[in-house]
Amino acid sequence: MITSADRWQGWPHVLSGKQFDRCFLERELFPLAGEMNNAAQTRDCDFLKGKRVRLLFYEPSERTLDSFVSACDLLGAKSVWLGDPAIFSSQAKGESFADMIRVVNRYEYDAIVIRSKEVGGAAKAAEVSQIPIVNAGDGSGEHPTQALLDAFTIHRSLGQIDGVRIALVGDLVYSRTIRSLAFLLAQWKVGHILFVGPVNWKIGDDVRGHLEEKGVSYSEGYDLEEVAPQVDVVYLTRAQTERGNLPLRYTDVPGQKVCVTLTQAVLEKMPDHARVLHPLPRNDQFRELPEEFTDNPKVIIFDQVRNGLLIRMALLRMLLE
Ligand code: CP
């Protein structure tokens, strides 16, 4: 039962990694997500019986879409996916996005989960929606539910987030998962954040500003191998080939070594307790997390996938119960 109207800033919408505070995460969301493992396995829960969730995905997805569908199914709610809205909705005939959200609001749904191509797409929906909007990724903006599952995974695997030194690696310009995770990590007293990316591809000023405001220590570099001994978590990301001119972006600067991929040397230099995360999908062409390292005990990417289901089940219960 919801006992307060301020579970997080911006309630009931889920739009940004900045919304959540550590107290809520550690005392409410993470414990409930932990309980969801048993609920998922027994497959006989009806916490959300009679609830309906509309899924609007304007970009491809495997994990986010399937985990929200599965979360609804496992909680007894119905999820409704009517195909790519850019093709099958009346937006193809010129209807505005705002009108579409107003229409969906009239059909007895309890929440809308949106993956949009545009930065701020979910926030725009929230402006006209009476029911909760969950941002499932808005272009290169944010992916808050991914950040929640990433933080949950770090918390579970290392036992805490305070003091953790984390390298956020790869596409620092376009990775919405890096942006949301950096925002979210600022809730803790993290040891240090190292942004490791190609030369001239820096993390956004808004992320820096947020970290500075929250007093989070961070630095920037180009060589994952060099920083590997200093970190507890390596968080890899793929090059977002769909969002920019990749050959230009990953061009090396002469004399500057760039390493944004997992290698045997990186794995060996990382401390024994350190872990490698990746939001997935990984990219076969750039091989930032090569297949041969999948079963390395430090690599916990499929724990993340499972935790994504649990976090989304917990979040849906909080929003809809
Ligand atoms: N991590 C993530 O958002 O994956 P999908 O794009 O497959 O949903």
Side-chain angles (χ1 to χ4, degrees), residues 4 6-11 14-36 135 141-170 172 175-197 203-221 224 227-237 270-279 298 300-301 303-304 306-308 310-312 314-315 318:
S4 82
D6 57 352
R7 275 196 195 277
W8 56 72
Q9 199 185 331
W11 173 269
V14 177
L15 302 176
S16 166
K18 291 181 203 160
Q19 283 177 264
F20 303 97
D21 67 52
R22 142 184 213 163
C23 187
F24 163 76
L25 296 168
E26 289 185 345
R27 294 193 190 161
E28 294 194 50
L29 186 69
F30 291 176
L32 188 60
E35 287 172 29
M36 289 298 93
N135 181 2
E142 285 213 47
H143 195 348
T145 65
Q146 178 71 45
L148 292 172
L149 79 88
D150 292 335
F152 180 54
T153 303
I154 295 169
H155 197 264
R156 278 192 134 183
S157 56
L158 299 182
Q160 60 180 3
I161 297 181
D162 282 340
V164 166
R165 296 175 62 86
I166 177 166
L168 300 176
V169 186
L172 301 179
S175 170
R176 57 194 175 200
T177 71
I178 284 184
R179 290 171 49 74
S180 280
L181 184 55
F183 288 140
L184 191 67
L185 288 174
Q187 293 302 325
W188 282 272
K189 293 185 184 347
V190 288
H192 191 72
I193 296 179
L194 298 110
F195 293 103
V196 182
I203 193 70
D205 288 342
D206 57 340
V207 177
R208 289 162 202 273
H210 188 75
L211 297 182
E212 284 160 22
E213 187 189 316
K214 298 280 183 183
V216 177
S217 138
Y218 72 90
S219 59
E220 295 168 90
L224 178 58
V227 302
Q230 308 160 23
V231 296
D232 306 297
V233 175
V234 169
Y235 186 89
L236 298 160
T237 57
M270 288 169 61
D272 289 345
H273 70 270
R275 294 291 176 265
V276 177
L277 281 72
H278 190 310
K298 287 179 177 162
I300 56 169
I301 53 179
D303 291 351
Q304 273 175 282
R306 175 70 180 183
N307 289 338
L310 307 183
I311 279 285
R312 288 172 178 131
L315 201 58
M318 286 184 170

Can you find a side-chain donor-acceptor pair between [X] and [Y] that sits under 3.5 Å?
X: Gln304; Y: Asp150; result: yes
X: Asn307; Y: Thr153; result: yes
X: Glu28; Y: Trp8; result: no
X: His278; Y: Thr237; result: no
X: Ser180; Y: His143; result: no

Short side-chain to backbone donor-acceptor contact, Gln19 and Gln9, under 3.5 Å |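 Yes: the side chain of Gln19 pairs with the backbone of Gln9.
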
Any side-chain heavy-atom pair of [X] and [Y] under 4.5 Å:
X: Tyr235; Y: Leu185; result: no
X: Leu168; Y: Leu194; result: no
X: Ile154; Y: Ile166; result: yes
X: Leu277; Y: Val234; result: no

Given salt bridge (Lys or Arg N to Asp or Glu O under 4.0 Å), test Glu220 with Arg208 step by step and report yes or no.
-> CA-CA 11 Å; Glu220 295 168 90; Arg208 289 162 202 273; 2.9 Å; yes

Would you compute the distance between atom [atom1] of [X] and atom [atom2] of [Y] and round it to the nearest 0.5 angstrom?
X: Asp303; Y: Leu149; atom1: CG; atom2: CG; answer: 11.0 Å
X: Ser16; Y: Leu184; atom1: OG; atom2: CG; answer: 9.0 Å
X: Arg306; Y: Met36; atom1: CZ; atom2: CE; answer: 11.5 Å

Heavy-atom count around Lys298 NZ within 6.0 Å, excluding the residue itself: above 12?
->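 Buried by this count: over 12 neighbours within 6.0 Å.
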
Is Arg179 salt-bridged to Asp206, going by a charged N under 4.0 Å from an acidic O?
->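 Salt bridge between Arg179 and Asp206, a charged N being under 4.0 Å from a carboxylate O: yes.
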
Residues which pass ring pair (Phe, Tyr, Trp, His ring centres under 6.0 Å) with Phe152, listed by chain and number, not counting sequence neighbours =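 Phe152: ring pair (Phe, Tyr, Trp, His ring centres under 6.0 Å) contacts with Phe30.
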
With sequence neighbours excluded, residues passing side chain to side chain contact (heavy atoms under 4.5 Å, CB included) with Lys189 |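 Lys189: side chain to side chain contact (heavy atoms under 4.5 Å, CB included) contacts with Asp162.
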
side-chain hydrogen bond (donor to acceptor under 3.5 Å, both in side chains) partner of Asp232, chosen from Arg165, His273, Gln160, Arg275 |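 With Asp232 as partner, side-chain hydrogen bond (donor to acceptor under 3.5 Å, both in side chains) holds for just one option, His273.
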
Hey, what's the ring geometry for Phe24 with Phe20, parallel, tilted or perpendicular (30° and 60° as the breaks)?
->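 Plane angle under 30°, so parallel.
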
